[in-house]
Amino acid sequence: MASILSARGVTKRFGGLVAVDHVNVEIEEKSIHAVIGPNGAGKTTFFNCITGFYPINEGKVIFRGEPLVDIPPDQITRRGISRTYQNIRLFANMTAIENILVGQEPHLKSPWFGAVLGLPATRKEEEAAHEEARRIIRFVGLQGRGDILAKHMAYGDQRRLEIARALASKPKLLLLDEPTAGMNPNETASLTHFIRQIRDELGVTIILIEHDMRLVMDISELITVLDYGQKIAEGTPVEIQRNTKVIEAYLGRGATNPTAEDDKAEQPELPAT
Amino acid sequence: MTLNWKQVGQYGFIMGIAVWYVSLVGMVETFDSRGIIDGTMLTLGRALLLTIGLGMGYVTAWKVAKGNWATGLITSLISGIIGGVMAALLVIIIDTTNIRAMFVNASPALVEILTFDQESLAVGLMMLAGSLIACSVAGGVIALLPHLIRRAVISGLLAVLLMGMLGELLTVVLNRFDLTEALADFLYGRNGLSVIGAISVFIFFAAVSTLWATQKEKMQSGVENLPATQRRALSWGLIVVSVLFLILLPQAVGPYISQILVLVGLYAMMGLGLNIEIGLAGLLDLGFVGFFAIGAYTVALMTTTGELGVSGTAIADYSNFWVAIPIAVAVSAFAGVFLGIPVLRMRGDYLAIVTLGFAEIIRILVLSDFLRPILGGAQGVLNIPKPAVAYVNQIANQLPFYFQSVLFFFVSTDGRIKDPAHFYYIILIGCTLIGFVAYRLQYARIGRNWMAIREDEDVAEAMGINLIASKLLAFGIGAAFAGLSGAIFAAQVGSVFPHSFGLIVSINVVSLVIIGGSGSIPGVIVGSLVLVGLPELLREFAEYRLLIYGALLIVMMLVRPEGLWPSDTVRREMQSDEDVEPVPVGQTVPRSV
């Protein structure tokens, strides 16, 4: 299968700390790819490198055949990468619809003076954008809640709205940073279903950072494991569950006996050392 | 439950301190020249004291008793006693010791005001303390009244206070017409409202407030249920009526208030510009006056007939002002973009300081000897002609006689605008234009993007928003609005001086945007009426202007941070936090329910 994104030797340093250390990852088109690892392993930093939040010190990221070098975040979004955040970062004082409208920015072209003059093209574009926003609201299951301010929505709804906003830019690649953080098992289950639905119905490739191992093992096709900024393993869920390096990273050395291994999938997160 | 007596004491103490303060800085004595209700002892000076009593009683009952009648009355009584005793103490101190060396305003006249002009000091003291206590309890009662009645009472009291305060002015206005002269005679005495007038005003405004509160929703849904054609007709009707109102307003209120409206309009234009920067894009700009100055100086230099003018060479005389205006707007917009470039990466406080510096640079450059040959230094630019309409006589000849007289009411035969108050119309057009543009932008894609930048700059960028273009546009458009305001200002005053463009103008504009309601277009208008219009109407208190300003800002931020007329979104968000009525003490709902 074709790879949509490949990271080659991506390295990010903060002073003396190497947060992401020569990571190589190939993401296959239309796959669900999980990135896991203990806290502080560099997963979110890796996301920030892909989306242009941080300039990369070494290596390169190639997206759909083109390198993403020195390209500002807004341009990267326009090329088809979109993301959500570990701690929800919605536009809190804007309504759900407005949040999604902002998400459509890459596809809106009307100039500001078009709005002042009330040009028909601008008006048409705005109407279409509102229509699209309502469609997305329905798709993510937030119908009837479009006019609520983002900060007044229920926690689970906020998570969904953030995904909706990311989808509004019609991305080819969607980065989800701990989408189920803080959710109860029911919400997690419905979100799992929803993530799969996004991939199946919209054909969007998904990279997922997640601590809920049940979810990770359930929906991802490939898993990359980071620890101390380095890629320590990559493989299918079954392979990862058997990987001794991964178990050591999560549970520490000496945990690699057969009895602990079976519990691995149930262990959400433990200190790395 | 135990009452928080310490808090009650604190509120009483604050009341006392406030009374001491306003008395000793001289506000009470200065304000005493205006009467509120004629023939009674209620002057604005005393009203100030009593308002403090009312307010603190209200706060006491509201904060401590949380809706319980008995405790509310007791606590407001106690805080009133503390405040009243402290006030009486002040009078005794002034009367017995000589503190005038330190407090110039602690004069016998102040004692007379505080003791209600009583011969005997004891009686006066009783009256002072008693009235404060009574007001405090009254404030407590108001706080405990049901919502609707409370609203009505407060509206009535505010209306009496305002109409009494502005009595002189309103009588002049009402006396301009035979129709309203009788109303003036009925409402007003020699100094302030008449007793009957005050009662009528109170009842009228209380009734209006109640009607508005109870019928508002019914009216709204009634309008919404109308067929589309009728609804459109209604809204067009409203527009026509308000346009007519705005056009006829200067004729109705006379030249003095028209002049004030001109000033309000100039500030409103600036406010609408700054509202785009602060209210929408979240860019705190403390140097907004810089753009105003650039607009003003552009028009001044282009149109002046004095020696600094560049007009002698170029533009035809009559069309001068109209040609200069778009150029001034363009120059200001360019300056806005130019300032925007270096500060793009700055946020919040850093941006505020840089913009502050920018405005000072502009002012000092204009003042400098270096640029004196071009900009005139401290002497400024003089002899800016009034705007003129070209071909007036030719146009007039084409018109029927009646319209001719209308035309020449506004302009003289050589086409110049006659009366400074007639700048009102130019400013009205300017405000309408700017308001329209601001409205269209706010509810368009660019407005959303600005708000997104205000909410979270990084995420906004990650959504595909071009931060550089959006921010520069905000700076440019904001500056253009201020430039238009400055351009009209220059022509209206007829001369520009560097000292007209001090920091205080920027502070005024920031304050009116925030007090009006950040991000709200009607809020800016209300803000400029309150912060620019009201102080002009109360000129004799000018020395306390900044003091009142500061107090108002603090109170507003504590009590109503969303502003006088918040934007739709902000209002929605504030209501959900606010409309929680306090649970009455001792009536807690059983848990099992």
Side-chain angles (χ1 to χ4, degrees), chain A residues 47-48 51-53 72-85 88-95 97-119 122-123 125-126 129 133 147-152 162 165-166 168-171 175, chain B residues 276 279-282 333 344-345 433-474 476-477 480-481 518-520 562 566-577:
Chain A
F47 265 26
N48 286 336
T51 51
F53 266 47
D74 57 317
Q75 289 302 318
I76 289 181
T77 307
R78 282 169 193 276
R79 290 188 184 195
I81 301 181
S82 165
R83 69 172 294 183
T84 68
Y85 299 84
I88 299 173
R89 288 175 79 172
L90 287 164
F91 303 122
N93 292 315
M94 297 168 78
T95 64
I97 289 274
E98 282 171 340
N99 268 278
I100 295 174
L101 285 170
V102 172
Q104 292 182 47
E105 171 66 16
H107 302 284
L108 301 179
K109 297 193 171 51
S110 60
W112 61 273
F113 50 81
V116 173
L117 302 174
L119 297 182
T122 307
R123 223 180 274 178
E125 187 185 84
E126 277 293 292
D147 289 327
I148 301 179
L149 287 188
K151 66 180 198 187
H152 289 149
E162 220 189 11
R165 185 180 65 179
S169 69
K170 301 200 180 81
L175 309 183
Chain B
I276 287 184
L280 297 184
L344 275 174
R345 294 279 156 210
L433 190 73
I434 284 180
F436 175 77
V437 172
Y439 177 85
R440 280 281 174 93
L441 289 175
Q442 181 165 353
Y443 294 98
R445 169 181 157 223
I446 184 69
R448 282 196 306 267
N449 289 357
W450 281 331
M451 281 190 268
I453 292 173
R454 179 191 70 196
E455 295 291 311
D456 192 328
E457 202 170 311
D458 297 325
V459 178
E461 192 178 15
M463 288 295 119
I465 294 174
N466 185 335
L467 287 186
I468 295 175
S470 306
K471 283 187 178 182
L472 289 185
L473 194 61
I477 291 177
F481 290 0
S518 193
S520 152
E562 75 271 31
S567 66
D568 307 344
T569 354
V570 179
R571 187 161 14 186
R572 252 178 287 159
E573 125 203 341
M574 293 281 176
Q575 270 175 355
S576 66
D577 301 336

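Proteins get letters first, then strands, A, B, ... in listed order; numbering begins at 1 in each. Keep in mind that the numbers below use all heavy atoms, side chains included, and drop hydrogens, waters and symmetry copies. Remember, it's a predicted structure, so these values are computed and weren't measured experimentally.
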field: Single hit among B:V437, B:I477, B:N449 for side chain to side chain contact (heavy atoms under 4.5 Å, CB included) with A:W112
entry: B:I477
- prompt: Can you name the closest pair of heavy atoms from A:P72 and B:E461 and give their distance?
  reply: CB-OE2, 4.3 Å
Carboxylate-amine/guanidinium proximity below 4.0 Å for B:E455 and A:K151: no
field: Considering all heavy atoms, the nearest A:E98-B:R448 contact
entry: O-CD, 4.3 Å
field: Residue part contacting chain B, namely of A:T122, when any heavy atom lies under 4.5 Å
entry: neither
For A:F91 against B:M463, the heavy-atom pair lying closest together: CZ-CG, 4.1 Å
- prompt: Got a second to check how far A:F113's CZ is from B:I446's CD1, nearest 0.5 Å?
  reply: 11.5 Å
query: Does A:R89 reach the main-chain N or O of B:D456 with its side chain, forming a donor-acceptor pair under 3.5 Å?
result: no
- prompt: Heavy-atom distance under 4.5 Å to chain A: side chain of B:F436, backbone, both or neither?
  reply: side chain
- prompt: Counting heavy-atom pairs under 4.5 Å to chain B, which of A:A168, A:P73, A:G52, A:S169 comes out on top?
  reply: A:P73
task: For each of B:G447, B:A444, B:A438, B:A460, tally heavy-atom pairs with chain A at distances under 4.5 Å, and name the one with the top tally.
output: B:A460
- request: May I ask you to name which of A:S110, A:P111, A:A166 has the most heavy-atom pairs under 4.5 Å with chain B?
  value: A:S110
Segment of A:F53 engaging chain B (4.5 angstrom heavy-atom cut-off): side chain
task: Just give me the residue among A:R78, A:Q104, A:E126 that pairs up with chain B most often, heavy atom to heavy atom, under 4.5 Å.
output: A:E126
- prompt: For A:L117, is it the side chain, the backbone, both, or neither that has a heavy atom closer than 4.5 Å to a heavy atom of chain B?
  reply: backbone
message: Can you give me the closest heavy-atom contact between B:R440 and A:V116, atom names plus distance?
response: NH1-O, 3.0 Å
statement: Closest non-hydrogen contact found for A:D74 with B:N466 is OD2-CA, 3.6 Å
